[in-house]
Engineer: 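One structure is given below, represented as structure tokens, and several questions about it will come after.
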Amino acid sequence: MYTSIKTLAAAVALPLVAALPLSQRAEAAFDSTKPFTLHTEVANGTSALNNLYLTSFHVGAAQNTVVGSANSSQAIGWTLSDSILQQPIALQGAPAGFAYNLSLPLAAPYGSDAPSGYEIVSLGVTGVATTGFYFKDSALAWSGSNATTAPKAFDGCFAVCQVNGTAPYFTLGRQFQLFWKENNASTSSHCADVKLVGANLA
Ligand SMILES: *[C@@H]1O[C@H](CO)[C@@H](O)[C@H](O)[C@H]1NC(C)=O
Ligand SMILES: *[C@@H]1O[C@H](CO)[C@@H](O)[C@H](O)[C@H]1NC(C)=O
Ligand SMILES: *[C@@H]1O[C@H](CO)[C@@H](O)[C@H](O)[C@H]1NC(C)=O
Ligand SMILES: *[C@@H]1O[C@H](CO)[C@@H](O)[C@H](O)[C@H]1NC(C)=O
Ligand SMILES: *[C@@H]1O[C@H](CO)[C@@H](O)[C@H](O)[C@H]1NC(C)=O
Ligand SMILES: *[C@@H]1O[C@H](CO)[C@@H](O)[C@H](O)[C@H]1NC(C)=O
């Protein structure tokens, strides 16, 4: 009864792939030219911060930060355009194809209890769009040599921290907020370095 999983996998690998529904086959071959969701895979730190789906969190007019949710239905759709991560949105009066840009300013999140060296991730209409992103298979990667607009202390590292609310809605209580990590920032038990993994929207 207890057939080794390895043997079983080898025996059924090909017919299984052929039989997969389209949605799962698409996941196997990630295509960054099509819209996708992003979720965390902890590279260093507590596994409690694994599999959080990135979603936008409104902090001001046309201005959001990025938080993680375990509920994949709350994931926002992203596109990659000229090495910039964007969230396409339908906004009344906006030109066709309007999208918010991901921007990584050298700034601490306003009023947050995130550790020092963990800086705000901004998604909206203000701030300079950060360039240099691409995908290595389905994992988001970043090339310093191609980035003309990234802060000096960014080396491609993102982190998720458990914070006690996000400005201006501290009363919401505990949240998982995405930050970019300065290259000299310390580790924190509230945080984990994360890989961001893409999966195409069905
Ligand atoms: C995790 O972070 C610690 C502290 O910075 C570091 O010593 C260790 O090498 C890191 N591990 C990995 C796998 O990156
Ligand atoms: C997940 O999010 C969706 C969309 O916001 C919501 O309808 C659903 O109730 C949520 N599920 C759970 C378990 O919170
Ligand atoms: C997004 O960034 C691009 C490239 O810098 C810029 O042309 C565009 O205006 C930005 N979009 C918004 C909504 O800020
Ligand atoms: C960097 O930019 C060059 C020129 O546009 C491009 O050919 C190359 O693929 C880019 N590298 C990465 C890692 O995105
Ligand atoms: C958030 O508040 C809780 C309860 O007061 C506390 O245990 C935790 O350390 C706080 N988290 C941070 C990041 O300060
Ligand atoms: C990291 O470098 C910045 C800029 O040089 C400095 O202001 C900051 O204190 C440093 N942080 C740590 C934890 O060393």
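These numbers come from a predicted model, not from an experiment. Residue indices begin at 1 and follow the sequence shown.
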Engineer: Applying the 4.5 Å side-chain criterion to the ILVMFWY set and letting contacts propagate, would V128 and L85 be lumped into a single cluster?
Structural biologist: no

Engineer: Between atom CD of Q63 and atom CG of L123, what is the distance when rounded to the nearest 0.5 Å?
Structural biologist: 8.0 Å

Engineer: Go through the steps to decide whether F98 and I89 satisfy the test side-chain contact (heavy atoms from CB on, under 4.5 Å), and finish with yes or no.
Structural biologist: CA-CA 6 Å; F98 183 79; I89 54 166; 3.7 Å; yes

Engineer: Using only atom types and a distance under 3.5 Å, with no angle test, would you say the side chain of S188 pairs donor to acceptor with the backbone of P115?
Structural biologist: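 A pair under 3.5 Å: no.
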
Engineer: Assess whether side-chain contact (heavy atoms from CB on, under 4.5 Å) is satisfied between V194 and H39, documenting all intermediate values.
Structural biologist: CA-CA 9 Å; V194 291; H39 65 271; over 6 Å; no

Engineer: With side-chain hydrogen bond (donor to acceptor under 3.5 Å, both in side chains) as the test, would you mind laying out the steps for N164 and D113 before giving the verdict?
Structural biologist: CA-CA 7 Å; N164 285 328; D113 57 2; 3.3 Å; yes

Engineer: Same hydrophobic cluster for V121 and F176, using side-chain heavy-atom links shorter than 4.5 Å among ILVMFWY?
Structural biologist: yes

Engineer: Which heavy atom of S189 sits nearest a heavy atom of T46, and at what distance?
Structural biologist: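 For S189 and T46, the tightest heavy-atom pair comes out as O-CG2, 4.5 Å.
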
Engineer: Mind checking whether L38 and W142 sit in one hydrophobic cluster, side chains of I, L, V, M, F, W, Y counted as touching below 4.5 Å?
Structural biologist: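 Yes, L38 and W142 fall within the same hydrophobic cluster.
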
Engineer: With no hydrogens and no angle check, is any side-chain donor or acceptor of Y118 less than 3.5 Å from a backbone partner on S186?
Structural biologist: yes

Engineer: Donor-acceptor pair, N200 side chain versus P35 backbone, under 3.5 Å?
Structural biologist: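 Yes, the answer is positive, given that a donor and an acceptor are paired below the 3.5 Å cut-off.
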
Engineer: For the side chain of T130 and the backbone of A150, is there at least one donor-acceptor N/O pair under 3.5 Å apart?
Structural biologist: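 Not a single qualifying donor-acceptor pair exists.
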
Engineer: Give a yes or no on whether L201 and V66 share a hydrophobic cluster (residues Ile, Leu, Val, Met, Phe, Trp, Tyr; joining criterion: side-chain heavy atoms under 4.5 Å apart).
Structural biologist: no

Engineer: Pick one: which of N146, T148, N101 meets side-chain hydrogen bond (donor to acceptor under 3.5 Å, both in side chains) with T131?
Structural biologist: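 Checked N146, T148, N101 against T131; only one passes side-chain hydrogen bond (donor to acceptor under 3.5 Å, both in side chains): T148.
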
Engineer: In the single-linkage hydrophobic clustering (I, L, V, M, F, W, Y; side-chain heavy atoms under 4.5 Å), do I76 and L140 co-cluster?
Structural biologist: yes

Engineer: Could you tell me which non-hydrogen atom of E119 sits nearest to which non-hydrogen atom of L106, and how far apart they are?
Structural biologist: OE2-CD1, 3.9 Å

Engineer: Nearest heavy-atom pair of W78 and Q87: which atoms, and what distance?
Structural biologist: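 Shortest heavy-atom contact: CE3-N, 4.5 Å.
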
Engineer: Please check if the number of heavy atoms outside D82 that lie under 6.0 Å from its CG is greater than 12.
Structural biologist: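 No, because the 6.0 Å sphere around CG of D82 holds 12 heavy atoms or fewer from other groups.
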
Engineer: Does the pair W180 and L102 meet the rule for a side-chain contact (heavy atoms from CB on, under 4.5 Å), with working shown?
Structural biologist: CA-CA 11 Å; W180 70 268; L102 187 90; over 6 Å; no

Engineer: Let me confirm one number: the NZ-CG distance from K195 to N50, rounded to the nearest 0.5 Å.
Structural biologist: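 One finds 10.5 Å between NZ of K195 and CG of N50.
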
Engineer: Working to the nearest 0.5 angstrom, can you tell me the gap between T65 OG1 and I120 CD1?
Structural biologist: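 T65 atom OG1 to I120 atom CD1 measures 3.5 Å (nearest 0.5 Å).
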
Engineer: What distance separates L54 CG from T37 OG1, expressed to the nearest 0.5 Å?
Structural biologist: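 So the CG of L54 and the OG1 of T37 are separated by 8.5 Å.
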
Engineer: If you round to the nearest 0.5 Å, how far is CG of D193 from OG1 of T40?
Structural biologist: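 Interatomic distance, T40 OG1 to D193 CG, rounded to 0.5 Å: 12.0 Å.
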
Engineer: Which heavy-atom pair separates D155 from K181 by the least distance, and what is that distance?
Structural biologist: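 Closest approach of D155 to K181: OD1-O, 4.4 Å.
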
Engineer: Output yes when a side-chain donor or acceptor of Q86 lies under 3.5 Å from a complementary backbone atom of L80, and no otherwise.
Structural biologist: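 The answer is no, because no donor-acceptor pair under 3.5 Å joins these two groups.
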
Engineer: Grab the two heavy atoms, one from A114 and one from F179, that are nearest each other, plus how far apart they are.
Structural biologist: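 Closest approach of A114 to F179: CB-CZ, 3.4 Å.
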
Engineer: Does D137 use its side chain to pair, donor to acceptor, with the backbone of A139 at less than 3.5 Å?
Structural biologist: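 Checked: no pair found.
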
Engineer: Roughly how far apart are K136 NZ and S32 OG, rounded to 0.5 Å?
Structural biologist: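 Here the rounded value is 14.0 Å.
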
Engineer: Relative to each other, are the rings of F30 and F36 parallel, tilted or perpendicular (30° and 60° limits)?
Structural biologist: perpendicular

Engineer: In this structure, are over 12 heavy atoms from other groups packed under 6.0 Å from N184 atom CG?
Structural biologist: yes

Engineer: Which heavy atom of S116 sits nearest to which heavy atom of A185, and what is that distance?
Structural biologist: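 Shortest heavy-atom separation between S116 and A185 comes out as O-CB, 4.2 Å.
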
Engineer: After noting the C-alpha distance and the side-chain angles of F133 and L196, does the key distance pass the side-chain contact (heavy atoms from CB on, under 4.5 Å) rule?
Structural biologist: CA-CA 11 Å; F133 291 107; L196 297 177; over 6 Å; no

